[in-house]
Amino acid sequence: MYYTMKTKKEIKKKEKKPKKEAKAKHMKKKFDNFFLDFEKRWQAEWREKGIFKAVPKGKKFYCLEMFPYPSGKIHMGHVRNYTIGDAIARFKRMQGFSVLYPMGFDAFGLPAENAAIARGLKPDEWTEKNVIEMIENLRALGLSYDWDRKIVTYEPDYYKWEQLFFLRFLKAGLAYKEKSSVNYCKKCDTVLANEQVLNDKCWRCGTQVEEKDLEQWFFRTTKYSDELINGLEKLDWPERVKIMQRNWIGKSFGSEIVFPVKDSDLLIKVFTTRIDTLFGCTFIALSPELNIVAELTTQDREKEVRAYLAKIVKKTMKEREEKGKTGCFIGSYAINPVNGKEVPIFIAEYVLPEYGTGAIMCVPSHDARDYDFAKKHELEIIKVIKPVKEENVEVFVDDGILIESGKFSGMTSEKARIEITKFLEKSKKALFIVNYKLKDWLLSRQRYWGCPIPIIYCKKCGMVPVPEKELPVLLPPSDSVEFGKGNPLLTNREWLFVRCPQCNSEATRETDTMDTFVDSSWYFLRYCSAKEHSNPFNSEIDFWMPVDFYIGGIEHATGHLIYSRFFTKALSNTGFINKKLREPFSRLVCQGMVLSKGEVMSKSKGNVVAPDEIIEKYGADALRLYHSSVSLPESELEWNDKGMEGSFNFLLRFHRLLTKTKSDKSIKEIDIYITNELQLLIKKFTENVEALKLSIALSDLFSFIDKFSAYRKYISENVAKNISDTLILLLTPFIPHLCEELWHMNHKTFASLEKWPVAKNYDKDVAEDLGRIEKLSEDVGKILNITGKKASKIYIYCVPSDFDFYKKFIDLIAELLHAEIFVYSVTSKGKYDPQGKAGKTKLGKPAIYIE
RNA sequence: GCGGGAGUGCCGGAGUGGCCAAACGGGCGUGGCUCAAGACCACGUGGCUUAGUGCCUACAUAGGUUCGAUCCCUAUCUCCCGCACCA
């Protein structure tokens with residue numbers, strides 16, 4: 001009978017009985033609340049003693065998390081965000097910084113109002129209930145906030161300042177009202193800012209937005225377009241956020257060119273970044289929305305133009321963008337100022353009314369869109385740019401060398417852009433211009449649950465600002481308005497009708513309220529002086545600002561994080577805060593999402609893991625540890641029940657190691673070694689936390705604990721105590737409750753307020769010596785494991801230069817290996833290696849023989 | 001289409017020129033512990049090999065730079081994210 005060769009392992013596997021069950025027998029006992037008990041106790045203790053109060057003194061550190069919308073219970077995303085923030089706040093506090101670490105609630109907003117309509121609740125009651133519940137949730141996590149600085153944005157004490165800012169911005173020309181085409185969400189029954197429209201849909205409910213011509217309030221964010229771009233350079237922010245903001249602001253350098261219209265006094269201005277292609281311009285395209293379209297339309301084309309416009313009106317912006325390149329000749333011709341060429345004027349759906357001048361010069365030879373349009377409408381295509389290298393493309397859109405361009409032929413595109421503009425500038429036909437995609441911030445909302453805009457409309461005086469001393473304009477009580485019938489503020493006549501502050505005649509209030517993003521654009525400033533009642537800010541702001549560490553989700557990259565930067569600049573310019581304070585957040589970190597089963601946790605996907613349930617089962621420390629040890633803050637975090645249990649088991653192990661183990665017999669060399677290793681741990685751990693590599697810091701610490709645990713019985717009590725204390729302190733930012741509990745057993749103080757451990761010198765030689773001995777015992781262990789022997793005598797054959805080393809540590813080795821040790825120099829190997837088996841080794845490693 | 005990022009073991013995820021067959025955690029396997037138990041401890045977990053060891057093949061794929069690459073460069077493929085007719 002033939003048989004196939006099997007590896008040792010396979011044979012071994014087969015021989016073994018198929019046992020199991022032993023493990024499965026462990027019945028899950030009910031959690032006995034050991035951890036929960038002291039977690040609650042310490043939370044109460046911290047609160048009673050007020051140990052996390054922020055006091056402006058010495059070196060400061062402002063640690064901030066994006067405050068939550070009070071939707072009810074906190075979710076895993078919050079836990080992740082705040083666990084990281086709290087670890088940093090605690091770490092800095094222990095390093096001796098005065099730390100401002102506040103929390104508040106972004107309490108105004110549509111969901112509260114919609115809940116009111118849907119469930120027959122009042123927005124204020126609903127919100128208040130949620131705030132209370134969330135505070136409880138946050139407390140149960142053991143976060144070290146200074147709750148005295150809590151902000152809730154629906155409180156008049158908060159929003160009255162917002163109204164004051166609005167009035168001053170209005171005076172400074174930073175706020176204005178204007179009629180324009182705006183995005184309107186039917187479902188939310190309000191207009192939306194540009195930033196709140198995603199792919200033509202409402203960011204909140206996903207409804208297709210409509211365009212409406214309405215009179216709306218705006219903040220002049222575009223005033224700071226340049227500063228918003230340039231300021232990014234100095235900020236310690238994730239590069240991707242900076243890129244998103246740069247793209248959003250969309251600065252581009254180009255030229256504005258004037259095209260006179262043939263047989264007319266009218267002029268058409270176009271914006272282009274490619275004036276170098278001007279000689280290739282074969283038509284002009286206007287946005288159908290432009291006013292001059294009517295004037296430029298000739299009689300013979302009127303019918304077609306009307307028909308075309310009627311067709312366009314029916315399309316949404318999105319459809320226009322997707323469908324492509326329809327257009328219509330309107331009869332007039334424009335004159336190219338550089339060569340006098342007459343070119344036809346079209347209206348075309350792909351020309352955006354709001355960017356540049358709403359009119360473009362079209363060069364089908366060097367622009368893909370113009371090319372498509374020209375093909376469709378059979379227009380002339382003239383090549384005026386030659387590629388530097390031969391290239392075989394239909395439409396060459398890159399820079400190259402000019403041809404067929406009069407005296408500019410032969411120039412590079414780059415040079416020609418300057419020269420052509422300069423040339424036309426002389427006759428006032430062109431100028432250099434910078435264009436931005438950023439638009440002003442539409443801040444008014446036609447809803448109830450927001451900060452009222454402090455304006456009054458008088459029949460005689462027109463628009464009148466509410467006098468500052470009459471602020472705040474309070475939101476009328478929620479039971480005095482009607483919901484679900486348009487803007488609820490219109491339904492309360494008592495609130496709506498007022499006297500004009502100037503002439504006392506009949507007047508009405510502005511019924512629009514402010515976008516909730518206004519509330520979140522300055523809350524970080526208010527934390528600095530949350531208890532100040534006579535002014536929005538006091539001198540503490542100069543101490544705490546700017547925020548040193550800001551953590552939150554990436555979704556705010558082009559919304560909140562631009563608005564806040566705008567607001568800081570505007571407040572600085574209107575004198576509310578220091579002139580020099582131009583940027584609110586020095587360092588920004590965007591934490592990754594929390595995933596479950598490969599997808600973002602969300603109710604609709606049904607993969608939500610509720611933090612409060614986890615806390616009930618394992619305690620807050622275990623949950624916090626899981627969040628900080630499983631992946632780096634900026635990466636995504638995959639939820640894993642087993643991993644969660646692993647974090648919990650670590651707490652058990654750590655607790656046991658520090659409270660239940662004792663030494664049998666102390667060995668001096670081990671004491672020295674482990675103390676030395678501790679120094680390395682402190683150094684690396686501190687560096688890693690500083691660099692926000694929390695999971696790496698913790699994995700180093702876990703390794704150290706394994707080692708500490710392995711040697712524990714040889715470590716003298718006073719050394720072990722020192723190590724334990726250090727470990728407790730290092731872990732305090734991560735698992736504060738357990739650390740506080742363990743610390744309390746031997747000290748009267750709070751671990752949370754102790755000094756962060758400082759590393760002493762690390763001795764490499766000490767580590768190397770012990771490392772060699774560890775390697776030796778590892779080898780011995782392997783041999784014993786395989787042979788099943790018990791070591792009674794161990795022979796070590798080493799090179800002559802190592803002889804002294806092993807001789808020196810012979811007692812330690814004997815102790816660790818529980819055997820009699822014999823050390824021989826390898827020169828006499830043959831003589832002392834009776835079995836001839838111990839000689840197979842490489843330089844530097846001793847040969848071992850075990851009896 | 002443009003811009004950004006990433007591809008490492010059964011899984012999550014470190015490492016970013018040699019100390020790496022690869023931290024730490026999870027899973028799995030083998031053995032120990034048989035009342036400190038909600039567990040714990042030891043060893044193993046690419047292939048072959050040895051009483052400890054050594055060798056080979058690996059860090060998406062294909063090339064290149066280098067004495068030497070998971071790490072640098074080039075191309076390709078895949079995935080994720082942001083913007084999207086911005087003139």
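Residue numbers begin at 1 in each chain, while the letters A, B, ... track the order of the sequences.
Computed from coordinates, the A/His818 NE2 to B/rA42 C1' distance equals 13 Å when rounded to whole Å. In this entry the distance linking CZ of A/Arg712 with C1' of B/rA36 reads 15 Å, nearest Å. For the pair A/Leu694 CG and B/rG25 C1', the interatomic distance rounds to 15 Å; values are reported in whole Å. Between the C1' atom of B/rG12 and the CD atom of A/Glu638 lies a distance of 8 Å, rounded to the nearest Å. When rounded to the nearest whole Å, the span between CD1 of A/Ile735 and P of B/rG25 equals 15 Å. Rounded to a whole Å, the CG atom of A/Asn688 is 17 Å from the P atom of B/rA23. In this structure, A/Asp641 atom CG and B/rG25 atom C1' are separated by 15 Å, rounded to whole Å. One can place CG of A/Leu637 at 20 Å from P of B/rC80, the figure rounded to the nearest angstrom.
Considering only side-chain N and O atoms, A/Ser252 lies under 4.0 angstrom from the phosphate OP1 or OP2 of B/rA87. Within the structure, every side-chain polar atom (N or O) of A/Lys617 is placed at least 4.0 Å from both OP1 and OP2 of B/rG38. A sub-4.0 Å separation between OP1 or OP2 of B/rA87 and a side-chain N or O of A/Ser255 is absent. For B/rA84, neither phosphate oxygen OP1 nor OP2 lies less than 4.0 angstrom from any side-chain nitrogen or oxygen of A/Asn247. Contact annotation: A/Tyr355 side-chain N/O to B/rA87 OP1/OP2 distance is under 4.0 Å.
As rounded to the nearest Å, B/rC33 and B/rA42 have P atoms that lie 15 Å from one another. Atom C1' of B/rG27 sits at a distance of 11 Å from the matching atom of B/rG12, rounded to the whole Å. Look at the P atom in both B/rG15 and B/rG4: the space between them is 23 Å, to the nearest Å. For the C1' atoms, the distance from B/rU8 to B/rA58 is 10 Å, rounded to whole Å. Across the P atoms, B/rC55 and B/rG7 are found 30 Å apart, a figure rounded to whole Å. Comparing the P positions of B/rG44 and B/rG54 gives an interatomic distance of 15 Å, to the nearest angstrom. Taking atom P in both B/rU16 and B/rA6, the straight-line distance is 14 Å, to the nearest Å. Atom name P, nucleotides B/rU76 and B/rG1: the rounded distance is 12 Å, in whole Å.
Residues A/Asn640 and A/Tyr626 bring no donor and acceptor atom of their side chains to less than 3.5 Å of each other. Using a 3.5 Å distance cut-off with no hydrogens or angles, the side chains of A/Tyr355 and A/Ser252 do pair a donor with an acceptor. Inspection of the A/Arg417 and A/Thr272 side chains reveals no N or O donor paired with an N or O acceptor under 3.5 Å. A donor-acceptor contact under 3.5 angstrom links the side chains of A/Tyr350 and A/Asp370, judged on distance only. For A/Trp248 and A/Glu195, the side-chain atoms include at least one donor-acceptor pair closer than 3.5 Å. A donor-acceptor pair shorter than 3.5 Å can be found between the side chains of A/Gln208 and A/Asp200.
Classified by interplanar angle (parallel below 30°, tilted 30° to 60°, perpendicular above 60°), the ring pair A/Phe822/A/Tyr795 is parallel. Taking the six-membered ring where the residue is Trp, A/Phe346 and A/Phe373 present perpendicular rings, their angle passing 60° and hence far from 30°. Using cut-offs of 30° and 60° for the angle between ring planes, the A/Tyr711 and A/Tyr714 rings count as tilted.
Heavy atoms of A/Phe271 sit under 4.0 angstrom from at least one base atom. A/Ile696 comes within 4.0 angstrom of the backbone, heavy atoms only, and of no base. Note on A/Ser635: only backbone sugar-phosphate atoms sit closer than 4.0 angstrom, heavy atoms only; bases stay farther off. Within the 4.0 angstrom heavy-atom criterion, no nucleotide atom of any strand lies near A/Gly250. Within 4.0 Å of A/Lys775, counting heavy atoms only, lies no atom of the nucleic acid at all.
Taking CD1 of A/Ile614 as the reference point, atom CZ of A/Phe648 lies at 11.5 Å (rounded to 0.5 Å). Expressed to the nearest 0.5 Å, how far CD1 of A/Ile385 lies from CZ of A/Phe279 amounts to 10.5 Å.
Stem regions annotated for RNA chain B: B:1-7 with B:77-83, B:10-12 with B:24-26, B:27-32 with B:40-45, B:46-48 with B:54-56, B:60-64 with B:72-76, counting only runs of 3 or more consecutive pairs of Watson-Crick or G-U type with both contacts under 3.5 Å.
Distances from the side chain of A/Arg656 to the nucleotides B/rG15, B/rA39, B/rA87 place B/rA39 closest. Among B/rA87, B/rG12, B/rC24, the nucleotide with an atom closest to any side-chain atom of A/Ser699 is B/rC24. Residue A/Val351 places its side chain closer to B/rA87 than to any other of B/rG25, B/rC40, B/rA87. Each of B/rG26, B/rG38, B/rC83 was ranked by its minimum atom distance to the side chain of A/Lys437; first place goes to B/rC83. Side-chain proximity of A/Ser631 to the nucleotides B/rC24, B/rG13, B/rC83 is greatest for B/rG13. For A/Ile243, whose side chain is taken as the heavy atoms from C-beta onward, the closest listed nucleotide among B/rA87, B/rG4, B/rA14 is B/rG4. Distance from the side chain of A/Thr272 is smallest for B/rA87 among the nucleotides B/rU53, B/rC24, B/rA87. Comparing atom distances between the A/Leu632 side chain and each of B/rA14, B/rG26, B/rC41 picks out B/rA14 as nearest. Considering only the side chain of A/Ser703, B/rA23 comes nearest among B/rA36, B/rA23, B/rA87. For A/Leu198, the listed nucleotide lying nearest its side chain is B/rC83; candidates were B/rC83, B/rG15, B/rG27.
Across the interface with RNA chain B, nearest-nucleotide mapping of A/Asp370 and A/Ile850 shows A/Ile850 to be the residue nearer the 5′ end. Two residues, A/Met244 and A/Ile360, neighbour RNA chain B, and the one matched to the more 5' nucleotide by heavy-atom proximity is A/Met244.
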